Amino acid sequence: MARYTPAEIEPKWQDAWHEAGSFEARRTGDKPKYYVLEMFPYPSGRIHIGHVRNYTMGDVVARYKRATGHNVLHPMGFDAFGMPAENAAMASGGHPKTWTYDNIDTMVKQMKPLGFSLDWSRMFATCDPEYYGQQQALFLDFLEKGLVYRKNAVVNWDPVDMTVLANEQVEDGRGWRSGALVERRELTQWFFRISDYSEELLDALDTLDDWPAKVKTMQANWIGRSRGLQFAFSTVDAPEGFDRIEVYTTRPDTLLGASFVGVSPDHPLARQLERDNDEIAAFNAECRRMGTSEEELEKAEKRGFDTGITVRHPFDTSWELPVYIANFILMDYGTGAIFGCPAHDQRDLDFARKYELPVTTVFAPAMGEEGTFILPEEGGPAYVPPKAETVRYIKGFAGQEAQTGDEALEAAIAFCEEQGVGQGVTKFRLRDWGLSRQRYWGCPIPVVHCETCGVVPEKKENLPIELPDDVSFDVPGNPLDRHPTWRDVPCPNCGAAARRETDTMDTFVDSSWYFARFTAPRAETPTDRAEADYWMNVDQYIGGIEHAILHLLYSRFFARAMHLTGHLPETANEPFDALFTQGMVTHAIFQTKDKAGRPVYHFPEDVELRGDSAFLKDGTEVEIVPSAKMSKSKKNVVDPVSIIDQYGADTARWFVLSDSPPERDVEWTAAGAEAASRHLARVYRIASEAAASEASSQEGDEVLLREMHKTIDEVTKGVESFGFNAAIARLYAFTNALSKAEAGGEAKREAARVLAQLMSPMTPHLSEELWSMLGGEGLIVDAPWPEADPAMMVEDTVTLPIQINGKRRAEIAVPKDMDKAEVEKTALAHHAVVKALDGAEPKKVIVVPGRIVNVVV
RNA sequence: GCCCAAGUGGCGGAAUGGUAGACGCAGGGGAUUCAAAAUCCCCCGGUCGAAAGAUCGUGUCGGUUCGAGUCCGACCUUGGGCACCA
């Protein structure tokens with residue numbers, strides 16, 4: 001009998017699909033369309049097992065939808081701009097462009113043998129001038145509509161390398177390459193007005209029924225709508241022009257517990273004070289030495305500097321509060337100034353205790369719930385109940401004595417407005433999206449700076465503004481900045497000597513509209529409306545949970561901006577109808593330390609495992625950090641090519657789906673690949689036997705075919721709900737049933753054909769082979785998905801467990817449609833129940849038809 | 001620090017509030033074989049027991065319910081995100 005030889009059959013069927021043009025997306029016929037998209041990869045160099053898992057999931061959906069009669073669009077491309085290419089150029093002297101395109105070549109060569117049903121004719125990379133030129137056109141359209149503007153913003157500045165650092169390039173406040181202390185520096189940068197869409201982006205989350213709730217929650221929290229009071233304190237002894245300090249608070253009901261006012265080190269007042277006060281200048285400078293990330297600010301020790309200025313309490317002008325400059329206050333949020341109420345905010349309480357400021361409790365637990373409440377001023381923790389909880393106000397000034405935080409908030413706002421102390425406002429945490437990057441390897445921002453005309457947009461006919469190739473990375477800083485022939489251009493407006501913008505775009509811009517470009521990847525405009533109108537939206541988007549906030553939020557903004565500028569229909573404002581976030585593939589990190597004690601990472605293939613220890617080829621022992629997110633910078637990536645070489649693509653595909661639920665992280669182990677391979681060989685063998693079977697006894701036909709219909713039903717449901725591992729478990733069970741079946745040859749062949757079809761989204765090559773072996777018509781990719789016959793799935797009798805006091809003690813087999821009273825009678829007659837009752841009457845009998853019987857004694 | 005998840009046998013995991021551990025891996029035993037590989041069959045959460053069975057058991061502690069892995073509250077641990085990694 002022939003053996004399962006993936007190395008022969010996989011290329012054969014890939015050629016057959018290619019010849020038939022099976023996977024080219026076409027707008028033909030009256031079939032419904034289906035657009036399935038996996039988040040496109042960064043061309044890091046080689047594909048890793050996480051890619052295999054991600055694209056196999058998308059391929060299962062794509063192939064299933066194809067089999068259920070859809071025109072499927074399933075494209076692939078590369079998110080090709082970004083820092084690693086520049087880092088590689090700096091490390092080894094090559095060019096980012098060469099590095100990137102070489103990597104793309106390699107990765108395409110590695111992906112094709114996996115047999116994904118991708119329309120490769122639509123492939124592009126975001127670093128193709130044809131792509132980023134259209135992105136520049138979008139930028140100009142956005143600029144015209146006022147969706148882009150310039151303002152100052154701070155960046156991490158490395159004073160030795162003379163370059164801007166990404167947050168991940170800052171380690172313990174020092175530049176990763178130079179080790180120099182990082183400074184915050186303010187630059188004029190480009191911003192998208194995403195915050196204008198805060199409310200809409202938040203409210204529209206409710207319409208995304210097929211998105212995971214956790215992603216919607218994360219986005220909602222990120223956008224962060226809050227209701228509060230904005231008002232001004234009048235100052236005492238403040239410099240001129242600072243008669244008032246505007247603050248924003250979400251807890252105006254705690255105004256009588258105010259203890260101090262805090263302003264950001266970047267607040268205009270702090271900036272004014274540092275001019276004449278060296279101590280304040282030093283404190284502010286110290287604060288600015290911290291990185292720009294929110295995480296770093298929050299984790300840092302909370303510190304303040306007493307400015308000596310005070311403010312008057314709005315309700316009692318004889319009551320003065322000190323004004324501190326505090327390192328934990330963000331200039332970007334609210335007004336950059338707050339009042340602190342230590343009794344009801346742990347951070348404020350820590351601050352008050354540190355600087356010996358008064359603590360005044362405003363509210364306490366409601367009557368009857370005081371319990372062991374310790375007043376914050378008597379050493380207790382800050383009392384911060386949920387705003388929906390009713391509390392008792394001790395120092396309230398508006399509304400009832402007992403009310404919820406929410407009620408008190410509104411009452412306080414109403415009271416303050418009436419008193420002329422500020423007004424209620426709704427604010428959002430979401431900030432505008434800074435897109436300027438002081439780097440070479442990104443999409444050039446298509447504007448020119450002219451001394452007379454100011455900021456001048458490039459003319460669209462000059463697009464794309466291509467990156468110059470003749471650059472080097474041996475000098476610190478952005479090569480575009482020191483490239484005279486590229487940088488120095490005439491003003492598009494007046495023709496005078498001018499300078500091209502040398503900042504490039506954030507790579508999130510590239511990935512915020514690629515899904516739209518896939519609908520017409522060669523169009524002369526960003527989109528072709530006929531194509532976009534047909535193919536949008538993405539029916540199923542699949543990607544990592546790490547993109548839950550930024551990428552997905554930016555894309556939602558871009559879809560709206562592209563609608564405003566005429567590039568997408570309004571129906572595409574929410575571009576992703578359904579989202580599935582697959583878990584990550586994790587893997588141990590292998591690291592050593594360099595002379596300065598900084599970690600140096602090593603690829604798994606460069607590490608030799610001996611027992612629980614690991615060593616480099618030169619014998620150096622390597623530290624193993626278990627189970628971390630796979631990341632190119634940490635080098636803990638697994639190369640699936642060897643798996644494919646050894647076992648074939650179908651085994652790799654089957655294995656990544658079978659071993660773990662798709663939304664959960666999976667720790668890569670090679671152990672299961674062998675088992676997956678054995679199973680596929682077994683399926684091949686069983687199908688071969690079925691193909692040759694001459695058994696004429698039809699005794700077991702019904703049993704087998706009933707099993708088959710149940711399997712069709714469960715696998716279909718599994719595939720539709722991303723329960724791939726459960727679907728595969730069902731296919732294992734059905735394979736066992738087929739192998740043991742005492743059925744006739746015809747029934748076995750039918751069952752084997754259905755098995756091949758049900759497996760075909762996961763193991764398409766093997767399935768084609770079996771299909772042709774079993775006399776299937778045409779290609780299996782063109783065969784319609786099998787349908788389960790409901791009549792074949794009902795059982796005549798059911799087994800009911802009997803519980804006594806909720807614990808299973810026995811079971812009975814009863815006809816499926818036996819009525820409740822009869823079931824109860826049968827159950828009570830069971831000897832285990834009789835014994836448990838011991839002559840007494842049951843207290844209660846619960847009968848859930850078809851499910852369970854519970855006897856309470 | 002803040003936001004969001006996850007936690008079930010030796011391992012990966014299954015389970016519309018209704019028989020916890022499907023299916024697979026590893027392990028043990030057997031068949032086949034001159035022998036092996038491959039294949040096939042059986043067993044496989046802990047404790048007690050010869051067995052029948054009993055009893056405990058889904059990170060920890062409480063709660064709701066006739067019934068909780070599933071719902072609620074608190075905690076612990078691990079992971080993701082925190083706006084210049086992509």
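Sequence lines set the chain letters: A, B, ... in the order given, protein chains first and strands last, and positions in each chain run from 1. The structure displayed is predicted, hence computed values, not measured ones.
No N or O donor and acceptor, one from the side chain of Arg678(A) and one from the base of U39(B), sit under 3.5 Å apart. Donor-acceptor pairing under 3.5 Å, judged by distance alone, is present between the side chain of Glu295(A) and the base of C82(B). At a cut-off of 3.5 angstrom, the base of C3(B) holds no donor-acceptor pair with the side chain of Asn221(A). A donor and an acceptor atom sit less than 3.5 Å apart, one in the side chain of Gln189(A) and one in the base of C84(B).
His551(A) comes within 4.0 angstrom of nothing in the nucleic acid, heavy atoms only. Nucleic acid contact for Lys302(A): none, since no nucleic acid atom lies under 4.0 Å from a heavy atom of the residue. Within 4.0 Å (heavy atoms only), Ser658(A) reaches no atom of the nucleic acid at all. Counting non-hydrogen atoms under 4.0 angstrom, Trp222(A) reaches a base of the nucleic acid. Here Arg429(A) lies in heavy-atom contact (under 4.0 Å) with a base. If you check every strand for non-hydrogen atoms under 4.0 Å, Val855(A) touches nothing. Residue Asn805(A) is out of contact with every strand shown, counting any heavy-atom pair closer than 4.0 Å. Contacts of Gln438(A) with the nucleic acid, taken as non-hydrogen atoms under 4.0 Å apart, include base atoms. Using a 4.0 Å heavy-atom cutoff across all strands shown, Val164(A) reaches at least one base atom of the nucleic acid.
Between Tyr514(A) and Phe40(A), the ring planes are parallel. Angles under 30° get that label, and only those over 60° would be called perpendicular. The aromatic rings of Trp441(A) and Phe81(A) stand perpendicular to each other, their planes meeting at an angle above 60°, with 30° marking the opposite boundary. The aromatic rings of His551(A) and His547(A) sit perpendicular, their planes meeting at an angle over 60°, well past the 30° parallel limit.
By the 6.0 Å contact criterion, NZ on Lys717(A) is open, its count of non-hydrogen atoms from other residues, nucleotides or ligands being 12 or less.
For Trp654(A) and Tyr647(A), the side-chain atoms include no donor-acceptor pair closer than 3.5 Å.
Residue Arg185(A) has no polar side-chain atom (N or O) positioned under 4.0 Å from OP1 or OP2 of C84(B).
Across the strands present, C40(B) finds its partner in G30(B); the criterion is a Watson-Crick or G-U wobble pair with both atom distances under 3.5 angstrom. For G17(B), there is no paired base (Watson-Crick or G-U wobble, both distances below 3.5 Å). Pairing partner, G1(B): C82(B), with both Watson-Crick or wobble hydrogen-bond distances short of 3.5 Å. The partner of A74(B) is U60(B), by the rule that a Watson-Crick or G-U pair needs both atom distances under 3.5 Å.
Taking atom P in both C44(B) and G24(B), one finds a spacing of 14 Å when rounded to whole Å.
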